[in-house]
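First the structure, in the form of structure tokens, and then the observations on it.
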Amino acid sequence: MPRTPRHHLRLRPSLFAAVAVVVAALISSLLATTAAASRPAGHAPNASPADARPAAAKAPDSFTHPGVLVSTGQLDFVKEKVKAGTEPWKSAYDAMLGSKYADLSREPKPREVVECGPYSDPNIGCTDEREDAIAAYTLSLAWYISGDSKYAEKAIDIMNAWAGTIKDHTNSNAPLQTGWAGSTWPRAAEIIRYTYDGWDSGDVDRFSTMLSDVYLPKVENGSQSNGNWELSMTEAALGIAVFTENKAAYDKAVEKFRGRVPAYIYLTSDGDIPKAAPGSGLDTRDKIISYWQGQDEFPESGITQETCRDFTHTGYGISAIAHIAETSRIQGQDLYPEVADRLRYAMGFQARYELGEQPPSWLCGGKLTTGLGPITEVGYNALHNRLGQEMANTQKLTEQQRPAGSNNLFVAWETLTHADNPK
């Protein structure tokens, strides 16, 4: 029987090349997936995931309350540690109760218009507003941990006084002032509203209206000033969005955050010069170097846009980044993975010099103004304790500063709330 002839398919060179490209792409994708799966837990590559701008971090379908900077689980952890007299939480709690912010005889000093000029000149209600907000937050923590209603009632008195009075912030520092106070008010309000029965619903509504009408419009569009401004303003916008359950404001704040963080903290993977924030107009090397306080060499990761200005303002920016990421984590929209490398390097870089290391000549001309402030607990706990990243310098500085107090602006009692807090 005759054999049936075979017909051989002969690929043209162009078709063969196309097939080869597809196969190579599939192999590359498989290798990348395998490498990612085998990467140790907590490891982050040097390139920041934030630059990829994943689309998933949107406002949650249902907000978690209390959920601005601290959650119910975190508060319960702290309450248990303080009750047991465990350190460092017991000392941190005692320091908080001994501060002026826990004074039950405190009289709030609300104003219709808070006017804040450059370098606090003029200072018409600025310090009063910030410190009343910190007091309300301090008293809300004291209420939750102690169970004593007198702390909750005093917090309510302060919040009601401002909600019934303030109408505007003015002068050049108005956006920053609004950001600082607006970051703190929602923390206090979240705890009181969702853990205490004594805040009248009408007063809650009035406070919500204050945040939405007086604070949010001043902070939601950000700022092209030094980066700590926009980061603090974004923290305020996110906290306000959570308290008022404003999903659009939440998404807008996340978008601002994603654009600003890569423009505030440098990674060597960024290239020869730092990134610029969207809309900044910093479209040349000279403009970027000027904005970065004249720093024109970038051999290491972790330098910030304000490192050569001073560490105090740098601390404001780093702290706001950690606060925003912490709130997003509580809301189930965790932003830490996107900024983990930048935040870790920034804290570690600044910690080295805060601990006494002499700066090299290429860094800020060999001269630094330290004074980072009590700002490392939140970021350190998230990155080291939760994600398992090694942070020796940040750890040393954090433990030396315990119990961390307040910077009297928008940072307060973070050893108490976040030291080794697994929740």
Can you confirm whether [X] sits close enough to [Y] that some side-chain heavy atom of one is under 4.5 Å from a side-chain heavy atom of the other?
| X | Y | result |
| --- | --- | --- |
| V242 | Q331 | yes |
| N408 | T127 | no |
| P118 | N171 | yes |
| I166 | Y215 | yes |
| M159 | W185 | yes |
| Y144 | Y151 | no |
| M391 | L383 | yes |
| H384 | Q395 | yes |

Any donor-acceptor pair under 3.5 Å linking the side chain of [X] with the backbone of [Y]?
| X | Y | result |
| --- | --- | --- |
| Y266 | G271 | yes |
| E230 | S223 | yes |
| H418 | L69 | yes |
| S328 | A325 | yes |
| S406 | A412 | no |
| W89 | A419 | yes |
| E190 | G67 | yes |
| E357 | P359 | no |
| Q295 | W362 | yes |
| T327 | I324 | no |

More than 12 heavy atoms from other groups under 6.0 Å of [atom1] on [X]:
| X | atom1 | answer |
| --- | --- | --- |
| K109 | NZ | no |
| D283 | CG | yes |
| Q224 | CD | yes |
| K423 | NZ | no |
| K287 | NZ | yes |
| D200 | CG | yes |

With rounding to the nearest 0.5 Å, note down the distance linking [atom1] in [X] to [atom2] in [Y].
| X | Y | atom1 | atom2 | result |
| --- | --- | --- | --- | --- |
| D168 | K218 | CG | NZ | 4.0 Å |
| S149 | I156 | OG | CD1 | 9.5 Å |
| I240 | N246 | CD1 | CG | 9.5 Å |
| Y93 | L416 | OH | CG | 8.5 Å |
| M96 | T415 | CE | OG1 | 12.0 Å |
| C364 | E297 | SG | CD | 11.0 Å |

Between [X] and [Y] (salt bridge meaning N to carboxylate O under 4.0 Å), is one present in this structure?
| X | Y | answer |
| --- | --- | --- |
| D296 | R285 | no |
| R206 | D203 | yes |
| E129 | R111 | no |
| E377 | R402 | yes |
| K154 | D103 | no |
| K90 | E87 | no |

Does any donor atom in the side chain of [X] or [Y] lie under 3.5 Å from an acceptor atom in the other side chain?
| X | Y | value |
| --- | --- | --- |
| T394 | T376 | no |
| E326 | Q74 | yes |
| E300 | Y345 | no |
| T304 | T307 | yes |
| W143 | Y196 | no |

For residues [X] and [Y], report the shortest heavy-atom separation together with the two atoms involved.
| X | Y | result |
| --- | --- | --- |
| F298 | I273 | CD1-CA, 4.4 Å |
| A322 | Y336 | O-OH, 3.4 Å |
| G317 | N228 | N-CB, 3.8 Å |
| S140 | I191 | OG-CD1, 3.5 Å |
| P66 | T72 | CD-OG1, 3.2 Å |
| Q389 | A340 | NE2-CB, 4.0 Å |

- Message: Working note: Q333 + D251, criterion side-chain hydrogen bond (donor to acceptor under 3.5 Å, both in side chains); need CA distance, chi angles, decisive distance, verdict.
- Response: CA-CA 11 Å; Q333 308 290 328; D251 289 345; over 6 Å; no
- Query: Do Y353 and N393 pass the side-chain hydrogen bond (donor to acceptor under 3.5 Å, both in side chains) test, and can you show the C-alpha distance, the side-chain angles, and the key distance before you say yes or no?
  - Reply: CA-CA 9 Å; Y353 301 109; N393 289 317; over 6 Å; no
- Task: For residues 231-250, pull every pair meeting salt bridge (charged side-chain N to carboxylate O under 4.0 Å, His left out), keeping only residues two or more places apart or in separate chains.
- Result: R187-E235
- Item | N226 vs R309, side-chain contact (heavy atoms from CB on, under 4.5 Å): CA-CA, chis, key distance, verdict | CA-CA 10 Å; N226 284 299; R309 181 186 185 187; 3.3 Å; yes
- Stepwise, does the side-chain contact (heavy atoms from CB on, under 4.5 Å) test hold for N381 with T398? CA-CA 10 Å; N381 184 56; T398 300; over 6 Å; no
- Under the side-chain contact (heavy atoms from CB on, under 4.5 Å) rule, what do Q350 and T314 come out as? Steps first, then yes or no, please. CA-CA 9 Å; Q350 266 62 221; T314 296; 3.9 Å; yes
- Message: So if I apply the side chain to side chain contact (heavy atoms under 4.5 Å, CB included) rule between F207 and each of V204, L211, T209, which one comes out positive?
- Response: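 Checked V204, L211, T209 against F207; only one passes side chain to side chain contact (heavy atoms under 4.5 Å, CB included): L211.
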- Task: Determine the interplanar angle of the F410 and W180 rings, folded into 0 to 90°, and report it as parallel if under 30°, tilted if 30 to 60°, perpendicular if over 60°.
- Result: parallel
- List the steps and the verdict of side-chain contact (heavy atoms from CB on, under 4.5 Å) for F349 and L363. CA-CA 11 Å; F349 187 89; L363 178 62; 3.6 Å; yes
